[in-house]
Amino acid sequence: MADFLTPQNEDFSKWYNEIVQKADLADYSPVRGCMVIKPYGYTLWERIRDELDRRFKATGHVNAYFPLFIPMSFLEKEAEHVEGFSPELAVVTHGGGEELAEPLVVRPTSETIIGYMYAKWVQSYRDLPLLINQWANVVRWELRTRLFLRTTEFLWQEGHTAHATQAEAFEETLRMLSVYTDFAVNEAAIPVLPGRKSESEKFAGAVTSYTIEAMMKDGKALQSATSHFLGQNFAKAFDIKFLDENNAQQFAWTTSWGLSTRMVGAVVMTHGDDQGLVLPPRLAPVQVVIVPIWRKDEERATVLEAARALRQCLQDVCRVHLDDRDTFSAGWKFNDWEMRGVPLRLELGPRDVANGTVMAARRDQPGREGKTLLSLVDLETTVPVLLATIQQAIYQKALAFRDSHIHDVRSYDELKEVVETGFARAWWAGSREDEARIKEETKATIRCIPLDQPGGSGTCVFTGREASEVAIFGRAY
RNA sequence: CGGGGCGUAGCGCAGUUUGGUUAGCGCGCACGGUUUGGGUCCGUGAGGCCGUCGGUUCAAAUCCGACCGCCCCGACCA
């Protein structure tokens with residue numbers, strides 16, 4: 001049917017590039033590695049942003065804004081941090097026609113400038129905790145870019161908190177990881193594996209990094225959000241000190257956590273099919289589209305009138321759009337809205353108007369099987385129920401797919417085979433060097449050491465040593 | 001940064017090997033009609049510095065050189 005789109009099993013990568021553009025999510029910009037987020041894609045991002053922001057506020061955080069430019073010297077204050085980020089910095093050397101005394105870095109992340117400010121703001125334990133988030137753009141000079149998944153400039157939120165005790169900061173790190181998990185599961189309908197990053201995958205400057213890892217439809221992993229326990233590393237680098245109850249100087253304990261426009265790519269690659277996007281109702285810019293159908297002009301008038309009434313009836317309970325363009329046929333519109341991933345389509349024709357019905361077509365169930373004839377009466381209650389059903393259904397589908405592509409492996413050979421198509425779960429007690437070798441030989445990395453552990457101990461899949469933890473291996477975006 | 005592919009109308013491409021009238025095709029776009037319950041059909045029309053610069057030639061989309069850009073595969077990353 002859809003020769004408009006390369007089938008996923010033919011070339012998943014090509015499918016992704018095509019659908020992102022054809023569904024009007026984004027377009028390539030004249031600047032290498034950068035993208036233009038189009039209104040439809042941006043609305044999706046706004047939905048993501050609003051749902052996260054609500055959760056941040058609910059957990060006591062407030063928003064603020066820190067500058068785009070960071071003095072170069074700031075980055076250099078934390079050794080691991082500068083080492084990790086220097087290869088991908090964009091640096092401003094001139095301003096107003098003059099060479100700058102000190103180059104300014106375009107922020108790749110804001111730990112340093114926020115650390116600097118926190119040092120000024122924190123004097124006493126009474127000033128803590130400091131729980132600030134910012135919505136911003138950041139720039140990382142990537143060698144290889146892909147729309148949403150890795151662009152030179154991207155949008156994200158970065159939370160930065162400072163605490164009086166290690167325990168409190170640690171608790172915050174895990175709390176925000178669970179906020180991300182909750183968002184991924186309940187809003188994006190994406191099952192994720194929350195876990196700890198291995199030494200070699202952790203954030204530059206962190207003590208411990210946590211992540212939620214999702215599986216895309218090609219079996220590859222996408223790191224969808226991260227939460228870092230920074231210990232006192234940045235507090236020491238930027239002198240974030242306070243007097244405790246006993247009038248003793250202490251360094252603060254800090255955290256940072258972020259989720260980016262990459263999440264849009266995660267939604268696309270988790271739910272999309274050969275007809276196009278499949279958006280979870282909770283995030284979809286348009287949840288319900290009404291497609292009126294008519295043959296003659298008299299029909300057009302009555303059908304459109306009924307369609308407008310239908311929109312009126314639904315607009316308080318969902319995000320509804322009436323496609324009343326008369327330049328396209330009904331069939332064309334069906335395909336068009338399917339490509340855009342609208343969860344529910346209501347087809348309203350002369351027969352329906354006469355019978356007081358409407359044909360509902362679920363995006364997650366293509367073709368006839370997804371069609372049900374609904375009564376126009378009570379639609380304002382049946383439609384939200386149907387949307388919730390769809391939300392659940394696509395989550396369950398993604399969950400079933402992921403779980404059937406995760407395998408417990410006992411040998412390195414098995415691991416090699418499994419990561420070709422999904423994730424391998426294995427006992428692990430290896431070193432950074434062991435991990436590097438596995439990556440070289442299999443292209444797979446430790447995606448995370450899941451928080452959810454089986455307990456007990458086993459034999460490390462690579463070294464054969466006794467291991468107390470299992471790790472998830474997979475190829476990643 | 002290494003390997004591969006590609007730059008011709010808004011999009012997708014043919015033409016380039018073997019230089020030669022006015023550079024084509026499909027989709028899209030505009031207008032008219034027809035159609036509309038799964039991407040209607042017909043007609044008319046608009047739209048091009050053939051990626052850029054330089055060279056060879058009577059003559060270059062076509063041959064040569066340099067540069068720029070994009071996509072894919074690797075090394076680095078949310």
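The basis for the numbers below is simple: all heavy atoms, side chains too, and nothing from hydrogens, waters or symmetry mates. Given the structure is predicted, the values throughout are model-derived calculations rather than measurements. Letters A, B, ... mirror the listed sequences (proteins, then strands); counts begin at 1.
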Legend entry - Closest nucleotide among B/rG37, B/rU36, B/rU40 to the A/R351 side chain: B/rG37

Inset, instruction - Mind checking A/T151 for me? I need base, sugar-phosphate or nothing, with any heavy atom below 4.0 Å counting as a touch. - result: base

Inset, instruction - When you get a sec, tell me which of B/rG38, B/rC76, B/rC70 is the closest nucleotide to the side chain of A/L143? - result: B/rC76

Legend entry - Worked verdict on A/E51 versus A/R55 for salt bridge (Lys or Arg N to Asp or Glu O under 4.0 Å): CA-CA 7 Å; A/E51 290 303 332; A/R55 286 167 168 79; 3.4 Å; yes

Inset, instruction - Give the nucleotide from the list B/rU40, B/rG38, B/rG74 with an atom nearest to the side chain of A/E347. - result: B/rG38

Legend entry - Nearest-Å distance once atom C1' is located in both B/rG12 and B/rG19: 27 Å

Inset, instruction - Classify the nucleic acid contact of A/G349 as base, sugar-phosphate or nothing, counting any heavy atom under 4.0 Å across all strands shown. - result: base

Legend entry - A/Y28 side chain, from C-beta outward: closest of B/rC71, B/rC76, B/rC72: B/rC71

Legend entry - A/F238-A/Y116 aromatic ring centre distance below 6.0 Å: no

Inset, instruction - Begin with the C-alpha distance, continue with both residues' side-chain angles, and end with the deciding distance and a verdict on side-chain contact (heavy atoms from CB on, under 4.5 Å) for A/N63 and A/I132. - result: CA-CA 6 Å; A/N63 287 332; A/I132 296 181; over 6 Å; no

Legend entry - Minimum-distance nucleotide (side-chain atoms of A/S329 versus B/rC1, B/rC72, B/rU36): B/rU36

Legend entry - Residues in side-chain hydrogen bond (donor to acceptor under 3.5 Å, both in side chains) contact with A/W332, at least two apart in sequence or another chain: none

Inset, instruction - Just compare B/rU40, B/rC76, B/rG37 and give me whichever is closest to any side-chain atom of A/K439. - result: B/rC76

Legend entry - Given B/rG38, B/rG37, B/rC72, the nucleotide with the shortest approach to the side chain of A/M359: B/rG37

Inset, instruction - Could you check which of B/rC77, B/rG37, B/rG38 has an atom nearest any side-chain atom of A/R140? - result: B/rC77

Legend entry - Under 3.5 Å donor-acceptor pair, A/R345 side-chain atoms to B/rG38 base atoms: yes

Inset, instruction - For A/L5 and B/rG38, give me the distance from atom CG to atom P, rounded to whole Å. - result: 21 Å

Legend entry - Rounded P spacing from B/rC77 to B/rC70 in Å: 22 Å

Legend entry - Separation of B/rU35 P from A/R300 CZ (nearest whole Å): 15 Å

Legend entry - Base B/rG37 to side chain A/K371, donor-acceptor N/O within 3.5 Å cut-off: no

